[in-house]
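Quick notes on the structure that follows.
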Amino acid sequence: MTEIEAELDRYLKRLFPLCRSITGEPNRETLRILQEIIPLTIHEVATGTVVYDWIIPDEWTIRDAWIADANGQRLVDFQVSNLHVMSYSESVDAVMGWEELQPHIHKHSDLPEAIPYRTSYYKRDWGFCVTHAQYAELKKQQGELTVVIDSELKPGSLSYGEILIPGQSSQEILLSCYICHPSMANDSLSGVLLTAFLARYIAELKDRHWSYRIVFVPETIGAIAYCALNEAAMKQIDIGLVITTVGGPGKFGYKNSFDPAHPINKVIKTVLIESDVDFITYPFDIHGSDERQYSSQGFGINVASIFKDKYYEYDYYHSSLDDLNFVSSKQVAETLSIYEGLIDKLEARRIFRRTNPYCEVMLSRHGLYQVGGGALWPKYGGRSELDLILWLLFLSDGKNDIRDIAAILQASSSELELLADKLVEKGALVPC
Ligand code: ZN
């Protein structure tokens, strides 16, 4: 085991048991543990806060839960697995027969051994999730069953973590992961840990070009709250990565951002090809994770994801079998190195945009229109300097890398960079 794998392994084991949800003390505990890796700030959003079309719900506390038979024998026990209790279950302390209990019991449709993962955040309800064997055991009970959920739903707050890492450019790249899942390793603990380790990698980069906004939010409601509270900054962002399900034993994959032509997708594909791994390409889809918020019309951030066993796709998804036997620190480390490669590639990009994007630049006014002196001669791989200048001004949209532009023009990127520098000097372009 490498040093990084050993370190990941220690954090996986510490964080796995915590009963995270969209709110609650275990989320704060998770964020405090992550503070050992990176100096993130923990923010609280109070219950009742309106965030666009949503309202921050009551905070959930769960202390214990069980179902016991007539002899007091626990047939289902929260202490064995926190997945046994539906997240956000309200409190119960009752004695009832199977008929009454049955609507509150959930089992996995395919996997007999698995405890499924269920939530009821916005509808007051309670429930237990069990294996097929436990279901059969409960069903055959003749006597009354004691049903206890020792939980609390009351005003509190939603917690999230944030770290802003400045670079030479004020242009930010968004990294987001979700901290709301209880004891499941691939979805989403692997993504949370990878994000923290990647943040540390970014913070240690010398001469960092881009600025990074890195957030650890409960999925959906947390991302929505973050957008609402940071609307102006989020509107300025062009590229985002949602990091989740990165530690399974299966194939790598990546999900395209909503605009398939956006350069982020090509950069990710290049990194995966250069890493010499098999991978699956997923198109953008409206189902998924917090790209649903960040890519909404108001923000329009092109958010992509790299996976190792993507959510929805692996058998153990949203079940107790998504555990530390399924996920290993070695697998998380493999995806981490691909994400680090992606950051390196993004850092190496040189991107420019027009100082004034409206219509053509009047080249002669900036001393850029030189008809004499051979400026119109096709000396650059069949193109004249004027031709390259016009293309460069046309394609420098704040998204295209100078090397991508060079490839489009079949020109030399070093020559194009020199021309770009000249256009910056003349005030026609600005580096992003
Ligand atoms: Zn999930």
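As the structure lists them, so they are numbered: ligands from 1, and atoms in each ligand from 1. Below, all heavy atoms of this structure are taken into account, side chains as well, without hydrogens, waters or symmetry copies. All of these numbers come straight from a predicted model, not from anything done at the bench.
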- Message: Looking only at N, O or S atoms, which one in H181 sits nearest to the Zn ion (ligand 1)?
- Response: NE2

- Return yes if some donor-acceptor pair links the side-chain N/O of S319 with the main-chain N/O of L321 below 3.5 Å, else return no. yes

- Message: Could you tell me if the side chain of Q134 sits less than 4.5 Å from the side chain of I105, heavy atoms only?
- Response: no

- Message: A cation-pi test, strictly: NZ or CZ of K255 under 6.0 Å from the centre of the six-membered ring of F284 and no more than 45 degrees from its axis. Yes or no?
- Response: yes

- Using a cut-off of strictly less than 2.8 Å, determine whether E219 has an N/O/S atom near the Zn ion (ligand 1). no

- Query: Do D187 and Y178 have a side chain donor and acceptor closer than 3.5 Å?
  - Reply: yes

- Message: Could you identify the N, O or S atom of D187 positioned closest to the Zn ion (ligand 1)?
- Response: OD2

